[in-house]
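Just so it is clear: chains get the letters A, B, ... in the order the sequence lines come, proteins before strands, and each one is counted from 1.
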Amino acid sequence: MYSQKLPLWYSIVAILLIGVFGIGLFQAFYGLDYDWDFSFLGDFFWDPKDDKPGLILLGLWGTIYISLISIVIGSGLGLLVGTLLITREPVTRFAAVFYVDVFRNTPVLVQLYVVYFIVGTAIEMSPETAGILTLSLFCSAYVAEIFRGTLQEFEKGQIDAAKALGLTRWQTARHIIAPQALRRMLPPLIGQFVSLVKDSSLVSVISVVDLTKSAMNVVAVSFRSLETWFIIALIYFVLNLVLSTVGRKIEQRLRVSS
Amino acid sequence: MTPLINMESVSKSFATKTKVIEVLKSVSLEVQEGEIVCLIGPSGGGKSTLLRSINALEPINSGSITVCGQNLNQSAGAVQRVRRETGMIFQRFELFPHLSALENVAIGLVQVNKLSRSDADSRARELLQDVGLADHVNKYPANLSGGQQQRVAIARALATDPKILLCDEPTSALDPELVDEVTEILGKVAASGMTMLIVTHEMRFARQIADRVLFLDQGTIAEQGTAEDIFKAPKSERLKQFLKQIHF
């Protein structure tokens, strides 16, 4: 590919801007005149008294577990709703559009309250179940939209070519549409999954033990909120970094094999 | 001899917001085995629609189409059987971009003809060699020129041993200097005894290859005859005007 060399002063300006930002940040922290101490957090990762995982590790496990199950259920449900979004049957399509609109246009926090306090009371649901259910429904609405967009954009010419060859509908879906659709859906899907991991912090409000809930408990015991939240943010960052990197790797592999 | 393709008063129309457009007005056509038929005419005349109705890519409103003894109106099974007996080449090639040249040609052999992977691959290799692409079997469509892509598409269409080859403007999307490599191969296919219907704007090509030329205008076959008749001695005013417009 043709690449043009940028003038050197572009990089100099960039370094200056980052420098100014860095100094500002340093000033802000230094100006706090706060006695930073991260050492106490070790005990909350691994409990030395009982020699078992501490609050933070338990919370991390909760976040991973809840996010993972919600992503799996949400994706499956999303593919189903996504196909309903493009059905020609008007009542089904309208219902699917309504479903997607409801879950995309209301705050997850409100959805969580409704599921836990109203639905959950009627049919007895543990906080974990309510949290996973809400996140799955929320996730499925976005996955459905991504799926619909990908399918509707799919080139009609390729489908004609597959039909003309004598491939059945199933063979066309399996060998022509699916491999290409998967590759196109991957970047927006990974973005959605990263979002979901962050949104999963909301389940702490119905006292599900996740990273955020654990952080609250640690702060309540230690009174060191700055250090705690700093580390918790770092853990979320690393978690999502891993997720995006894996996504990027899969994307690359799919591209190489084409 | 029973014709390979038999269309009887086929009509097709679609409605826009303001009016109903009749694309085909009660068209009847018989094509014998081994015949090469070229369809020419102004755009919007119904050429592509006629061609695409033969393998049911375009549904029709009335009339009947029988291809290789299968009546297309009868069942989904008949449609599937007709599609197995016909190959099609498209203006914009329509290769599958996630598959290599070899895989594009092999997919029909594996999925439709149920050949084993290795048999399909060796057959696909032969077909690609026939269209002069022996060195490009593992390339993906994005890395092939338009002419090469169209040649892969021809190999793909021929892979399943069709009785009829339908060509929808096979050279219209090509750069002028790449047209000959494609018409040359289509000429070879024609010489092998294949029954072909070709929608084309290449009048020189049509004149060389066609046993019969159909002039389609406003949804009807306005005039038909041998290439000599149509190009040397056009009868209708519309055909005369059309040939004049394209400076033939």
> Between B:Gln80, B:Arg84, B:Glu85, B:Gln91, which residue shows the highest count of heavy-atom pairs closer than 4.5 Å to chain A?
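Ranked by contacts with chain A, first place is B:Gln80.
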> Is chain A contacted by the side chain of B:Arg156, its backbone, both, or neither, given a heavy-atom distance below 4.5 Å?
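Answer is both: backbone and side chain atoms of B:Arg156 are under 4.5 Å from chain A.
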> Would you find more than 12 non-hydrogen atoms of other residues, nucleotides or ligands less than 6.0 Å from B:Gln70 atom CD?
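More than 12 within 6.0 Å, yes.
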> Quick one: what part of B:Leu95 sits under 4.5 Å from any heavy atom of chain A, side chain, backbone, both or neither?
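Contact with chain A: backbone only.
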> For B:Phe96, is it the side chain, the backbone, both or neither that has a heavy atom under 4.5 Å from a heavy atom of chain A?
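Looking at B:Phe96, backbone and side chain both touch chain A.
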> So with a 6.0 Å cut-off around CZ of B:Arg92, is the heavy-atom count from everything else above 12?
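No, CZ of B:Arg92 has 12 or fewer neighbouring heavy atoms, counting only those of other groups under 6.0 Å.
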> Among residues 137-169 of chain A, which residues come closer than 4.5 Å to chain B, judged by heavy atom distances?
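Near chain B, by residue number: A:Lys156, A:Gly157, A:Gln158, A:Asp160, A:Ala161, A:Ala162, A:Lys163, A:Ala164, A:Leu165, A:Gly166, A:Leu167, A:Thr168.
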> Around atom NZ of B:Lys114, are there more than 12 heavy atoms of other residues, nucleotides or ligands at under 6.0 Å?
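Above 12, so yes.
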> Could you pull out the closest heavy-atom pair between A:Arg183 and B:His98, with the gap in Å?
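Nearest pair, atom of A:Arg183 first, then B:His98: NH2-CB, 3.8 Å.
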> Check ring-ring contact (aromatic ring centres under 6.0 Å, His included) between A:Tyr65 and all other residues, then give those that pass, not counting sequence neighbours.
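So A:Tyr65 forms a ring-ring contact (aromatic ring centres under 6.0 Å, His included) with A:Trp61.
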> Counting only heavy atoms from other residues, nucleotides and ligands, does the tally under 6.0 Å from CZ of A:Arg104 exceed 12?
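Enclosed.
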